[in-house]
Structures are given as C-alpha cells and as structure tokens.
Amino acid sequence: MPEENDMPSPPAGRAGKPALSPENDERVQIYFLPNLLTAGNLACGFFALTWIFKYERALGFEPILIAIRLILAAFACDFLDGRLARLAKKESHFGREFDSLADIVSFGVAPAFLVYRIVLYQFERSGWLIAAIYLVCGGIRLARFNVLSMRPDAHKGREFVGFPIPSAAAVVVSVAMFMMWLVGHDHQLGPSRYALAGLMVLLSILMVSNVRYPTFKYIDWTPARSVAAFAAAAVMGLLLVSQFEVTLAALFVTYLLYGLVRPWVSKRWRREIESDESDDDEGDSVDG
C-alpha cells in the first residue's frame with residue numbers, strides 16, 4: 001500500500017492554490033471592447049429615457065428627437081458589438097447576457113415609453129396596454145434567443161426567427177422621426193398619426209412569430225458584386241445624406257416587409273440581396 005505522502009496531490013495553481021476546473025471557476029470572461037459597446041448601448045437607452053421624461057407637448061418635439069437619436073445610437077452600438085466579437089473571436093456567455101439586458105432597456109422600454117408619450121396616451125384604456133405588450137413580447141424574444149443560442153449549431157444561423165427587437169425599435173423610432181419631419185414641413189397627419197399604435201401591435205406579433213429574417217451577420221464586403229447592387233448602395237448612401245429621415249424610415253420598413261414576402265422571393269434574388277447566404281445555410285436559423 002502506498003504511504004500517505006506518496007498519494008498524488010491536487011494540481012496547484014498560481015501561488016500554490018488548487019487549480020479550478022472550468023465547471024467550478026467563478027471568474028467571468030469579459031472581453032473589453034465588445035462589452036464596452038454593449039455598455040454604450042445600455043447608456044444610450046437610459047439617456048433616451050431621461051429625454052423622453054423631459055418632453056412636454058406644449059414645448060415641441062425636440063426632447064423626443066434627441067431620444068430617437070440616442071436609440072439609433074444604441075442600435076449602432078448593438079450592430080457593432082456582436083460583429084466585433086465575432087471578428088475577434090471573443091464571443092462569450094457574459095456578452096450575450098449583457099447584450100440582452102441592454103436590449104430590453106434600449107429597444108424595449110425606451111421605444112414603448114416614447115410612443116406612449118407622443119401617441120398612445122390618447123387611448124385611455126388601450127394605450128398603456130399596447131406599449132406593455134410590445135415590451136413583454138420583446139422580453140420573450142430575448143429570452144427565447146438566449147435559450148436557442150445555447151444549441152450546438154446556433155453559431156451557424158444566418159436567419160432570425162421572428163423580427164429582431166433592435167430592428168423593431170429602429171422601425172418605431174424611424175417612423176416616428178419621419179412623422180415629425182412631415183409635421184415640420186407643414187404636412188397634416190390627420191388619422192395617420194395613429195399608425196404608430198398599429199405598428200407597435202404588428203411588431204409585437206412579428207417578434208414572437210416564426211417569420212424568418214436574414215441576419216446580415218456574415219456579409220463579406222470583398223467579393224465582386226453586380227453593377228446594379230453597387231448602384232443601389234451608392235444611391236442609398238446619397239439618399240441618407242440628403243433625405244435622412246425619409247430614407248431611414250424606408251430602409252427599416254423595407255426590412256420589415258421583406259421578411260413577410262421573402263418566402264416568395266427566388267433563391268437567386270435572395271442570394272443577391274442577402275449576399276452572405278449559400279444554399280447549404282438556408283436551413284440554419286437563430287433567434288435574436
């Protein structure tokens with residue numbers, strides 16, 4: 001029988017401490033730059049809420065416009081943080097959870113409260129309910145994403161199942177900004193001012209639906225494209241510079257409608273439009 005001091009000792013870590021297994025390691029990996037962008041997303045959502053609180057109908061839309069710009073800045077941070085993490089191969093469970101917490105504030109609470117302050121307050125009974133349903137559906141969507149992203153093949157997904165909540169918020173605030181632009185150019189909105197209420201209901205349904213949207217997460221900008229694709233991108237850039245409010249709303253609404261008509265678009269046109277998908281990837285999907 002071996003002596004007691006001949007028994008193998010547990011592996012020691014730094015300074016003689018027992019090494020922790022991955023299952024027992026309580027340290028959390030936080031990759032600085034991607035999560036800094038996520039923090040920027042969350043901060044923009046909070047600052048947007050502060051400006052929405054400052055809004056008073058008698059004093060004009062300026063606080064709401066500032067809040068919209070902040071929500072769009074949060075959208076830009078959300079767009080960049082995931083792409084930066086994938087580019088640097090620094091994706092982590094912490095980043096995914098942090099991103100979802102930021103999204104529920106910036107793309108759930110802030111847009112719902114914004115629309116309530118400018119339109120839904122007029123509906124005494126149903127206004128608060130529409131805003132709350134949008135927020136709850138957004139929360140359900142993010143929770144479903146976190147569950148599905150744990151699947152082994154989740155990283156292969158090139159489709160969203162349902163409308164992503166950052167895009168839903170972008171649709172809401174870009175359409176709201178467009179309507180304010182119309183008012184500023186002496187257009188009478190009339191009953192169309194209530195379109196935001198219907199849009200919130202539609203987005204709530206689409207967020208928890210099974211309608212598929214391209215993620216555009218894996219676009220390779222280096223291959224040659226058709227002349228038509230290049231011309232379309234150039235024209236879109238010029239329109240964004242010259243007619244920002246109109247073009248931005250048109251872009252996000254087009255993305256919203258594209259998912260609804262996508263099943264009837266030919267594979268050739270889908271490859272041209274989405275540019276990052278191949279026939280082998282069409283079965284892969286993610287939720288986000």
Result block: side-chain N/O donor-acceptor pairs under 3.5 angstrom for residues 52-81, not counting sequence neighbours:
from	atom 1	to	atom 2	distance (Å)
Asp81	OD2	Thr38	OG1	2.7

Checklist entry - Sequence neighbours excluded, which residues qualify as side chain to side chain donor-acceptor pair (under 3.5 Å) partners of Thr247? => result none
Next on the checklist: Checking Arg117 now: which residues fulfil side chain to side chain donor-acceptor pair (under 3.5 Å) with it, not counting sequence neighbours?
Outcome noted: none
Does one hydrophobic cluster hold both [X] and [Y], with members joined at side-chain heavy-atom distances below 4.5 Å?
{"X": "Leu206", "Y": "Ile130", "answer": "yes"}
{"X": "Met200", "Y": "Val119", "answer": "yes"}
{"X": "Leu37", "Y": "Phe46", "answer": "no"}

Tell me, please, which residues at least two apart from [X] pass side chain to side chain contact (heavy atoms under 4.5 Å, CB included).
{"X": "Leu129", "value": "Ile133"}
{"X": "Val147", "value": "none"}
{"X": "Leu182", "value": "Phe178, His187, Leu189"}

Checklist entry - Taking only residues two or more places apart in sequence, or in another chain, which ones meet Phe123 in a ring pair (Phe, Tyr, Trp, His ring centres under 6.0 Å)? => result Tyr194
Sequence neighbours left out, cut at 3.5 Å: what donor-acceptor pairs do the side chains of residues 234-245 make with other protein atoms?
from	atom 1	to	atom 2	distance (Å)
Ser242	OG	Leu238	O	3.0

Checklist entry - At their closest point, which heavy atom of Ile118 faces which heavy atom of Met180, and how far apart are they? => result CD1-CE, 4.0 Å
Item to check | Taking every non-hydrogen atom, the tightest pair across Asn210 and Arg144 | outcome: OD1-NH1, 4.0 Å
Checklist entry - Which ILVMFWY residues can you reach from Trp264 by hopping between side chains whose heavy atoms are under 4.5 Å apart? => result none
Taking distance alone, no hydrogens or angles, what donor-acceptor pairs closer than 3.5 Å link side-chain atoms of residues 163-176 to residues at least two apart or in another chain?
from	atom 1	to	atom 2	distance (Å)
Ser174	OG	Ala170	O	2.7
Ser174	OG	Val171	O	3.1

Checklist entry - Just how far is it from atom OG of Ser204 to atom CZ of Arg141, taken to the nearest 0.5 Å? => result 12.0 Å
Item to check | Arg262/Tyr213 under side-chain contact (heavy atoms from CB on, under 4.5 Å): CA gap, chis, key distance, verdict | outcome: CA-CA 8 Å; Arg262 188 171 179 255; Tyr213 286 84; over 6 Å; no
Checklist entry - If you draw a 6.0 Å radius around CZ in Phe47, do more than 12 non-hydrogen atoms from other residues or ligands fall strictly inside? => result no
What donor-acceptor contacts under 3.5 angstrom involve side-chain atoms of residues 94-116, with partners at least two apart or in another chain?
from	atom 1	to	atom 2	distance (Å)
Arg96	NE	Ser149	OG	3.2
Arg96	NH2	His93	ND1	2.6
Glu97	OE1	Asn146	ND2	3.4
Ser100	OG	Arg96	O	3.3
Ser100	OG	Asn146	OD1	3.1
Ser100	OG	Asn146	ND2	3.3
Asp103	OD1	Asn41	ND2	3.1
Ser106	OG	Asn41	O	2.7
Ser106	OG	Asn41	OD1	2.8
Ser106	OG	Gly45	N	3.4
Ser106	OG	Ala102	O	3.4

